[in-house]
Amino acid sequence: MAEDASTTDSTIPTHTKAWYYSQHGRPADVLKFDPNWPLPQLKDDQVLIKVIAVSLNPVDYKRIHGEFKDTDSYLPIVPGFDVAGIVVKVGGEVRKFKVGDEIYGDINEEGLSNLKILGTLSEYTVAEEKQLAHKPSNLSFIEAASIPLACETALEGFEHAQFSAGQSILVLGGAGGVGSYAIQLAKHVYKASKIAATASTGKLELLREIGVDFPIDYTKYNFEDLPEKYDLVYDAVGQTERAFKAIKEGGKVVSIVPPAYPPPAIFFALSSKGSYLEKLRPYFESGQVKPILDAKTPLPFSQLIEAISYLETSRATGKVVIYPIP
């Protein structure tokens with residue numbers, strides 16, 4: 001039976017170590033460390049998580065820079081979307097998890113608004129039950145932390161595009177977090193007829209390894225000038241206007257980078273759901289879909305600023321993960 005949120009337990013923390021910012025700006029200038037950040041009261045549908053690993057996403061530094069302050073105006077903020085960790089307390093209405101469960105997820109339900117003030121770059125964090133899933137047993141916490149936001153985004157893009165077996169796809173930014181998952185889902189979940197993707201010269205072999213039939217070196221070729229056209233172009237880098245020149249008649253363009261123009265492009269911000277992760281669990285446990293980790297991963301909690309600065313260079317291959325959290 002679930003432990004009630006109001007239960008008093010001297011072992012349950014009331015404060016947490018956390019990185020935070022109280023003004024928008026460059027991460028190196030505004031991120032600070034607080035050894036004693038107060039934890040919120042646990043609601044009935046929430047769980048308290050001992051954070052083990054956190055992956056970083058471009059949305060993290062964009063949020064710190066203030067790109068979403070029209071819909072994300074609260075300060076100070078502990079950043080972070082993705083988490084892998086252990087449940088240490090559950091609310092009274094929680095049924096899917098119990099204390100001790102190994103879980104993972106993206107704790108922000110809406111991708112660009114209504115974001116949590118206490119994110120995941122913290123020793124402990126809080127999330128709704130519906131945002132989380134059981135960690136695949138064959139994956140480490142580092143691997144699991146790299147999955148949620150990027151992989152859920154890739155999956156939701158396919159759903160918006162109504163992509164189906166036998167169709168072809170071009171992924172722009174195939175070596176990045178979302179792009180690398182889009183390639184793997186296209187191959188193993190959606191059974192695409194042909195997969196092309198763009199990356200820089202040194203990352204083309206990775207594209208081949210994860211299922212790309214036609215790797216395109218964007219330093220040498222303009223993908224839109226090549227003769228092959230596709231049923232879907234998945235734009236993970238913000239080249240939507242060019243993407244329309246690479247689709248077949250009746251083809252679609254999905255973009256995760258605003259502004260997505262011309263207007264026919266399908267732009268969306270992720271609606272995070274633990275059910276997405278549960279749906280993909282068999283693909284991770286079978287090894288068909290694999291986490292792609294940057295060579296610098298993992299970086300320690302104390303080096304968060306360096307990790308975010310590295311992510312901002314756009315040179316990362318796959319995901320950058322912070323581990324272990326103290």
Side-chain angles (χ1 to χ4, degrees), residues 57-58 150-270 283 288-292 294-295 311-319:
N57 296 282
C151 196
E152 290 181 58
T153 299
L155 179 64
E156 189 169 333
F158 284 116
E159 293 189 350
H160 282 295
Q162 299 178 309
F163 192 72
S164 58
Q167 292 187 310
S168 59
I169 181 173
L170 167 62
V171 179
L172 305 182
V178 174
S180 62
Y181 282 122
I183 290 164
Q184 295 183 80
L185 297 187
K187 182 177 180 66
H188 298 291
V189 179
Y190 290 93
K191 310 298 183 185
S193 60
K194 184 170 186 179
I195 303 172
T198 64
S200 58
T201 310
K203 299 177 181 180
L204 298 182
E205 185 55 38
L206 170 66
L207 297 188
R208 295 186 185 95
E209 290 173 1
I210 62 176
V212 172
D213 304 301
F214 184 38
I216 301 170
D217 186 339
Y218 69 73
T219 69
K220 298 179 180 177
Y221 304 100
N222 292 322
F223 64 85
E224 69 271 31
D225 295 334
L226 298 174
E228 187 81 23
K229 305 302 175 186
Y230 302 89
D231 295 301
L232 173 64
V233 176
Y234 200 122
D235 175 21
V237 293
Q239 297 175 335
T240 309
E241 192 166 13
R242 293 170 60 194
F244 274 94
K245 300 174 183 177
I247 57 172
K248 297 177 180 178
E249 185 175 351
K252 297 177 181 178
V253 174
V254 166
S255 178
I256 63 170
V257 183
Y261 60 86
I266 302 167
F267 171 74
F268 71 99
L270 173 64
Y283 297 94
Q288 289 179 290
V289 179
K290 300 177 181 179
I292 307 298
D294 184 80
L311 191 66
E312 285 189 279
T313 67
S314 298
R315 292 200 297 265
T317 299
K319 296 304 298 293

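- Taking both residues in full, the closest heavy atoms of A154 and Y234 are given as CA-OH, 3.3 Å, listed atom of the first, atom of the second, then distance.
- When all heavy atoms are compared, the tightest approach of A175 to L206 is CB-CD2, 4.2 Å.
- Summarising the geometry, atom OG1 belonging to T198 is positioned 10.5 Å from atom NZ belonging to K203; distances are rounded to the nearest 0.5 Å.
- Note that NZ of K220 is 11.0 Å distant from OG of S200, once rounded to the nearest 0.5 Å.
- The aromatic rings of F163 and Y190 sit perpendicular, their planes meeting at an angle over 60°, well past the 30° parallel limit.
- Atoms CD and CD, from E152 and E159 in turn, are 10.5 Å apart once rounded to the nearest 0.5 Å.
- Proximity of a side-chain donor or acceptor of T317 to a complementary backbone N or O of D294 within less than 3.5 Å is not detected.
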*N57 and T153: side-chain contact (heavy atoms from CB on, under 4.5 Å), yes or no, with the steps?*
CA-CA 12 Å; N57 296 282; T153 299; over 6 Å; no
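- Under the side chain to side chain donor-acceptor pair (under 3.5 Å) test applied with E224, the options K229, Q239, R242 reduce to a single match, R242.
- Contact annotation: the side chain of L170 approaches that of I216 to within less than 4.5 Å [non-hydrogen atoms, C-beta and beyond].
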*Let me see the working for Y218 and L172 under side-chain contact (heavy atoms from CB on, under 4.5 Å), right down to the final yes or no.*
CA-CA 9 Å; Y218 69 73; L172 305 182; over 6 Å; no
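- Two residues are said to be in side-chain contact when any heavy atoms from C-beta on lie closer than 4.5 Å; F268 and V254 meet this criterion.
- Not a single donor-acceptor pair under 3.5 Å links the side chain of Q167 to the backbone N or O of L232.
- Shown here for A192 and I169, the closest heavy-atom pair between the two residues is CB-CG2, 4.2 Å.
- When all heavy atoms of K252 and I247 are compared, the closest pair comes out as O-CG2, 3.6 Å.
- Between the CG atom of D217 and the CG atom of L204 there is a distance of 5.0 Å, given to the nearest 0.5 Å.
- Residues I210 and G174 come closest through the heavy atom pair CD1-O, 4.3 Å.
- In this structure, CG on L311 lies 8.5 Å from NZ on K319, to the nearest 0.5 angstrom.
- The shortest side-chain heavy-atom distance between Y230 and F214 falls under the 4.5 Å cut-off.
- Closest approach of A236 and G179 over heavy atoms only: CB-N, 4.5 Å.
- Without hydrogens or angle criteria, D231 side chain to S168 main chain gives a donor-acceptor distance under 3.5 Å.
- Here the side chain of D235 pairs a donor or acceptor atom with the backbone of T240 at under 3.5 angstrom.
- Rounding to the nearest 0.5 Å places CD1 of I292 at 8.0 Å from CD of E209.
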